[in-house]
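The structure appears below as C-alpha cells.
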Amino acid sequence: MRGGCRLFPLLLLALLRGLCHGRESAPGAVTCGSVLKLLNTRHSVRLHSHEVKYGSGSGQQSVTGVEASDDANSYWRIRGKSDGSCQRGTPVKCGQAIRLTHVNTGKNLHTHHFPSPLSNNQEVSAFGDDGEGDDLDIWIVQCSGTYWEREDAVRFKHVGTEVFLSITGEQYGHPIRGQREVHGMPTANHHNYWKAMEGVFIKPSMDPAKHDEL
C-alpha cells in the first residue's frame, strides 16, 4: 500500500508533463479529452465554477472568473458535441463544436436567454449531470489556423444563441467576493479571447492497449 502511495505522485507528475507518448499530428494543439484551465486574456482571470448557484436568473450553478492560477475548480475537460465526435487525443480544429465539462462538478458550460446578474448580458452557467446536459452546452472554437493551438487566443461562440463567452470585469460580492462575472456577448471583441493554460494535454497513443490516465 505504501508503495502505491509513493507511486501515485510519480504517475501524476508524468501525466502533467504530458508523457503520453505517440504521434503528434499537430504539435502544440489542444486535443480532445484534455483537461485545462482557460485564461481570459483581457482581464487575466481563469474560467471557474463551483457549487454556488445564481440567486437570480436560472438558479443554475454559477460560472465566474478567478485570478488564482492554482484553484482546482478552474479545470475543464474538452469533449465533443456528442459522444464519439471528438476522439480522445485528436487535435481540436478551428470551427469545431465542443463541450466544456467542469471537472469537479461534472456540469457543462452552458448559456441561455437569461440576463446575467451584474452586467445584464447573457447568463453563463454550468448545467447537467455527469457531463450530460442539452443542446445549449455546445460551443464553436473560433481560431485563425487549422487547429486550436495552445499558445493562441481563441473565442468560443455559442451555437444555440450565437453569443461569445466573455468577461467585462464586473465583480461579485458575498459569497464569491472578488470573482468576475462570466457572460455571453453578441459581438466579437477583446473581452472574449481565451488562452489554454495549465492542464493535461492528451496525445494519441500508438499502442491501443496503453492507458494515459491514472
Side-chain angles (χ1 to χ4, degrees), residues 12 16 30 34-79 98-134 136-139 141-142 150 153-158 160-200:
L12 180 60
L16 289 172
V30 174
S34 294
V35 173
L36 50 74
K37 295 181 180 181
L38 291 166
L39 177 75
N40 183 280
T41 59
R42 174 68 175 180
H43 298 279
S44 297
V45 292
R46 285 160 174 78
L47 188 69
H48 180 90
S49 192
H50 39 222
E51 293 182 347
V52 177
K53 294 183 178 180
Y54 287 120
S56 61
S58 69
Q60 293 176 2
Q61 183 170 299
S62 58
V63 173
T64 63
V66 298
E67 293 182 354
S69 62
D70 59 351
D71 195 316
N73 271 321
S74 300
Y75 281 112
W76 301 82
R77 184 181 300 278
I78 308 297
R79 301 172 64 213
I98 65 167
R99 288 175 291 175
L100 290 164
T101 301
H102 188 242
V103 171
N104 281 355
T105 63
K107 297 184 182 296
N108 295 328
L109 188 70
H110 180 96
T111 189
H112 40 211
H113 293 295
F114 285 92
S116 59
L118 302 182
S119 67
N120 206 38
N121 283 298
Q122 186 166 296
E123 180 193 278
V124 170
S125 65
F127 173 76
D129 293 297
D130 297 324
E132 297 308 315
D134 63 23
L136 293 177
D137 301 340
I138 301 168
W139 302 79
V141 180
Q142 289 194 344
R150 295 183 211 172
V154 304
R155 290 188 174 102
F156 300 100
K157 186 174 184 178
H158 189 245
T161 65
E162 299 188 337
V163 297
F164 294 91
L165 184 68
S166 306
I167 291 180
T168 50
E170 293 83 4
Q171 294 189 23
Y172 288 104
H174 181 79
I176 49 175
R177 184 176 302 279
Q179 296 187 22
R180 310 295 177 88
E181 181 188 78
V182 174
H183 49 249
M185 299 184 72
T187 56
N189 55 51
H190 55 277
H191 295 294
N192 36 60
Y193 275 119
W194 300 84
K195 185 177 180 181
M197 298 299 288
E198 306 84 1
V200 179

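Only heavy atoms go into these numbers, but all of them, side chains included; no hydrogens, no water, no symmetry mates.
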Quiz item: Which pair of heavy atoms, one from Val63 and one from Trp76, lies closest together, and at what distance?
Solution: CG2-CH2, 4.4 Å
Quiz item: Is it the case that Arg77 and Thr101 place a side-chain donor and acceptor less than 3.5 Å from each other?
Solution: no
Quiz prompt | Interatomic distance, Phe114 atom CZ to Ser125 atom OG [nearest 0.5 angstrom] | solution = 9.0 Å
Exercise. Would you mind listing every salt bridge (Lys or Arg N to Asp or Glu O under 4.0 Å) that reaches into residues 46-67, with sequence neighbours excluded?
Key: Arg46-Glu198, Glu67-Arg180
Practice problem: Would you kindly say whether Ser49 and Gln61 are connected by a side-chain donor-acceptor distance under 3.5 Å? | Solution: yes
Quiz prompt | Non-hydrogen atoms of Leu100 and Leu38 that approach each other most closely | solution = CD1-CD1, 4.1 Å
Quiz prompt | Considering all heavy atoms, the nearest Ala153-Thr41 contact | solution = CB-CG2, 4.3 Å
Practice problem: With rounding to the nearest 0.5 Å, note down the distance linking CG in Asn108 to CG in Asp130. | Solution: 10.5 Å
Practice problem: Mind jotting down which residue pairs meet the ring pair (Phe, Tyr, Trp, His ring centres under 6.0 Å) criterion with at least one end in residues 167-192? Sequence neighbours excluded, please. | Solution: His43-His191
Quiz prompt | Lys37 side, atom NZ; Ser69 side, atom OG - distance, nearest 0.5 Å | solution = 6.0 Å
Quiz prompt | side chain to side chain donor-acceptor pair (under 3.5 Å) between Thr161 and Gln122, intermediate numbers included | solution = CA-CA 9 Å; Thr161 65; Gln122 186 166 296; 2.8 Å; yes
Quiz prompt | Between Glu170 and Ser119, a side-chain donor and acceptor under 3.5 Å | solution = no
Quiz item: Got a sec, which residues hit side-chain contact (heavy atoms from CB on, under 4.5 Å) with Asp134, two or more places apart in sequence or on another chain?
Solution: His110, Phe127, Leu136, Asp137
Quiz prompt | Atom pair NE2/CH2 of His158 and Trp139 - distance to nearest 0.5 Å | solution = 5.0 Å
Quiz item: Can you name the nearest heavy-atom pair linking Tyr54 to Val124, along with the distance?
Solution: OH-O, 2.5 Å
Quiz item: Checking His102 side chain against Asn73 main chain: does a donor-acceptor pair fall under 3.5 Å?
Solution: yes
Exercise. Mind listing the closest non-hydrogen atom pair of Gly57 and Glu123 along with its distance?
Key: CA-OE1, 3.7 Å
Quiz item: Distance from Ile78 atom CD1 to Ser34 atom OG, nearest 0.5 Å?
Solution: 7.0 Å
Exercise. Return yes if some donor-acceptor pair links the side-chain N/O of Ser62 with the main-chain N/O of Val52 below 3.5 Å, else return no.
Key: yes
Quiz item: What pair of heavy atoms forms the shortest contact from Leu39 to Ser44, and how long is it?
Solution: CD1-C, 3.6 Å
Quiz item: With no hydrogens and no angle check, is any side-chain donor or acceptor of Arg155 less than 3.5 Å from a backbone partner on Ser166?
Solution: no
Quiz item: Less than 4.5 Å apart, any side-chain heavy atom of Leu47 and any of Trp194?
Solution: yes
